Amino acid sequence: MEIKEIGKEGLVERISKLFGEGQGGGHADFGGYGVASSLGGRGLSASVLLMEGVDFDLVYFPLNYLGFKTVTSAVAGIYGSGGKPDHLSLVLGISQRFQVEDVEFFMRGVSEACRFYGVDLSFFDLTSSLTGFAISATSFGESAYGTTGQQADPGELICVTGDLGAAYMGLQLMVREKKAFDATIDFHPDFGGREYLLERQLKPVLPVPVLEALGESRVHLTFLSVLRSGLSDALVRMSRISGVGCRIYEKSLPIDFQTVRMSEDFGLDPSLAAMHGGEDYQFLFTVPLTDKERIDALTGVTAIGFTTETSEGLSLVGRSGGTTPIRPDDYATKD
């Protein structure tokens, strides 16, 4: 059986059944995209593995930005589980084509991100790689925001922070310019007016202040996650963990005007980038309807729909009123 026949979610479900209670099946979040796992008590950990040629392309990805993004990706799982990170473990696999200065440049970005998120680098090591640059990072932290993000119920608001789709369109822009570079000897990339999209892709920053504002407003988060693999994937994961369906309204999706313009240049629907683009590094969360006024009073938070009974499935309500089923992206078919 090929993986594409059952998709990532189907494969994850099959693997989880191989592990009984106490082996991970009863507690681990299989397929959680780097979500934190409990270490007992208030302790949390989250791990990510990033591979050159799959997760990043060094032709257009500066190493210092990659270092910063690595830390963001690693600590995202802690924040997405209602925790606060404090330590980071990092192992790099490097091939012979990399120089000392390259590693130092990467680590400058790591250092900047550690200072930004208030994280200490507690372990660092290097190993050889035959396939380019490989990064393994694990973050550690403790519960801080009063939720494990696993308890969404039908009839609750679904909210997101920031705007969606910008990182994906930034990636499309860089891929386009790379193709032009490969085909032209005297080439000068044109990124004018697209800086926001590039920054969202190359150097994403988690909106931690918004998460803190939610805590200060005493908003009760019933489910919390980080948007790393697209809004559609996060919604499917929410449904699997909490046992709920959802209705998302296309007209409510927060999309920046640069994302809209770039989508039009590529002949894409901006809502497609918002739903399936990935690497937004924004928060998705649910709250009871009784907290709606508190949500409306916060800056940088948008209500995009509500949870439903599982039997109603997951659907996107279009601007014309028609509905489309929400399905996860099949990673096996991605370039």
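The model shown is predicted, which means the values in this text are computed figures rather than measured ones.
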Open item on the list: Check D233 with R237, please: is the shortest side-chain N to carboxylate O separation under 4.0 Å?
Closed with: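 Salt bridge: no.
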
Open item on the list: Regarding E195 and K203, does a basic nitrogen lie under 4.0 Å from an acidic carboxylate oxygen?
Closed with: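 So E195 does not pair with K203 through a salt bridge.
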
- [ ] Establish, from distance only, whether the side-chain atoms of S47 and T138 form a donor-acceptor pair under 3.5 Å.
- [x]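 Per modelled atom types, S47 and T138 side chains form a pair under 3.5 Å.
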
Open item on the list: Does either side chain, that of S242 or that of Q151, offer a donor lying less than 3.5 Å from an acceptor on the other one?
Closed with: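 Distance-only check fails for S242 and Q151.
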
Open item on the list: Is there a continuous path of hydrophobic side-chain contacts, each under 4.5 Å between heavy atoms, that joins V317 to I255?
Closed with: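 As far as the 4.5 Å side-chain criterion goes, I255 and V317 are not connected within one cluster.
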
Open item on the list: Can you list everything that forms a ring pair (Phe, Tyr, Trp, His ring centres under 6.0 Å) with Y117? Sequence neighbours excluded, please.
Closed with: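 Expected list: none.
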
- [ ] Could you list the residues that satisfy ring pair (Phe, Tyr, Trp, His ring centres under 6.0 Å) with Y65, not counting sequence neighbours?
- [x]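 Result, ring pair (Phe, Tyr, Trp, His ring centres under 6.0 Å) vs Y65: none returned.
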
Counterpart residues, side chain to side chain contact (heavy atoms under 4.5 Å, CB included), relative to [X] (two or more places apart):
X	value
Y60	D57, L171, M174, V175, K178
E216	none
P207	T161, V210, Q282, F283
L289	L157

In chain order, what residues pass the side-chain hydrogen bond (donor to acceptor under 3.5 Å, both in side chains) check against [X], with sequence neighbours excluded?
X	value
E264	none
S271	E250
D55	none
R115	S111

Side-chain contact, heavy-atom cut-off 4.5 Å: [X] with [Y]?
X	Y	answer
T259	L197	yes
K84	E142	no
L284	C159	no
R294	H220	no
T308	P154	no

TODO: Quick one: do T131 and E52 satisfy side-chain hydrogen bond (donor to acceptor under 3.5 Å, both in side chains)? Show the steps, please.
DONE: CA-CA 8 Å; T131 57; E52 182 180 357; over 6 Å; no

Open item on the list: Which residue in the set T70, T72, N64 passes side chain to side chain contact (heavy atoms under 4.5 Å, CB included) when paired with F68?
Closed with: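 Between F68 and the candidates, side chain to side chain contact (heavy atoms under 4.5 Å, CB included) is satisfied uniquely by T72.
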
Rounded at 0.5 Å granularity, tell me how far [atom1] in [X] sits from [atom2] in [Y].
X	Y	atom1	atom2	answer
H276	S232	NE2	OG	4.5 Å
C114	D86	SG	CG	11.5 Å
T324	L314	OG1	CG	12.5 Å
L231	I248	CG	CD1	6.0 Å
L92	T127	CG	OG1	10.0 Å
I94	S129	CD1	OG	9.0 Å

TODO: Taking all non-hydrogen atoms of both residues into account, name the closest pair between G77 and A46 and its distance.
DONE: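 Heavy atoms only, the tightest pair is CA-CB, 3.9 Å.
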
- [ ] Heavy atoms only: give me the nearest I78-S139 pair and the separation to one decimal.
- [x]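 The answer is CG1-OG, 3.2 Å.
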
TODO: For E199 and Y196, indicate whether the former's side chain and the latter's backbone hold a donor-acceptor pair under 3.5 Å.
DONE: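 No, because the side chain of E199 does not come within donor-acceptor range (under 3.5 Å) of the backbone of Y196.
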
Task: Neighbour count >12 (heavy atoms, 6.0 Å) for atom CZ, R97 - done: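 Counting neighbours around CZ of R97, more than 12 heavy atoms of other residues, nucleotides or ligands fall under 6.0 Å, so yes.
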
TODO: Assess whether atom CZ of R261 is packed by more than 12 heavy atoms of other residues, nucleotides or ligands within 6.0 Å.
DONE: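 No, not enclosed.
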
- [ ] Walk me through it: do H87 and F123 pass the test side-chain contact (heavy atoms from CB on, under 4.5 Å)?
- [x] CA-CA 9 Å; H87 287 82; F123 179 83; over 6 Å; no

- [ ] Assert yes or no for the condition that the ring centre distance of F223 to F285 is strictly below 6.0 Å.
- [x]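 Ring centres of F285 and F223 not closer than 6.0 Å.
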
- [ ] Step through it carefully: locate the ring centre of F106, locate the ring centre of F133, and say whether they are under 6.0 Å apart.
- [x]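 They qualify: ring centres under 6.0 Å apart.
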
Task: Results of salt bridge (charged side-chain N to carboxylate O under 4.0 Å, His left out) for E312 - residues two or more places apart only - done: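 Per chain and number, E312 pairs via salt bridge (charged side-chain N to carboxylate O under 4.0 Å, His left out) with no residue.
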
Open item on the list: Go through it in stages, so that I can follow the logic: the residues are V205 and F116, the test is side-chain contact (heavy atoms from CB on, under 4.5 Å), and I'd like the CA-CA distance, side-chain angles, deciding distance and then a yes or no.
Closed with: CA-CA 9 Å; V205 176; F116 180 84; 3.3 Å; yes

Task: Verdict with supporting geometry, D153 and E309, side-chain contact (heavy atoms from CB on, under 4.5 Å) - done: CA-CA 8 Å; D153 291 316; E309 297 290 343; over 6 Å; no

Task: Qualifying salt bridge (charged side-chain N to carboxylate O under 4.0 Å, His left out) pairs with a residue from residues 267-282, counting only residues at least two apart or across chains - done: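 Counting only pairs at least two positions apart or across chains, the salt bridge (charged side-chain N to carboxylate O under 4.0 Å, His left out) contacts touching residues 267-282 are K69-E279, R200-D280.
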
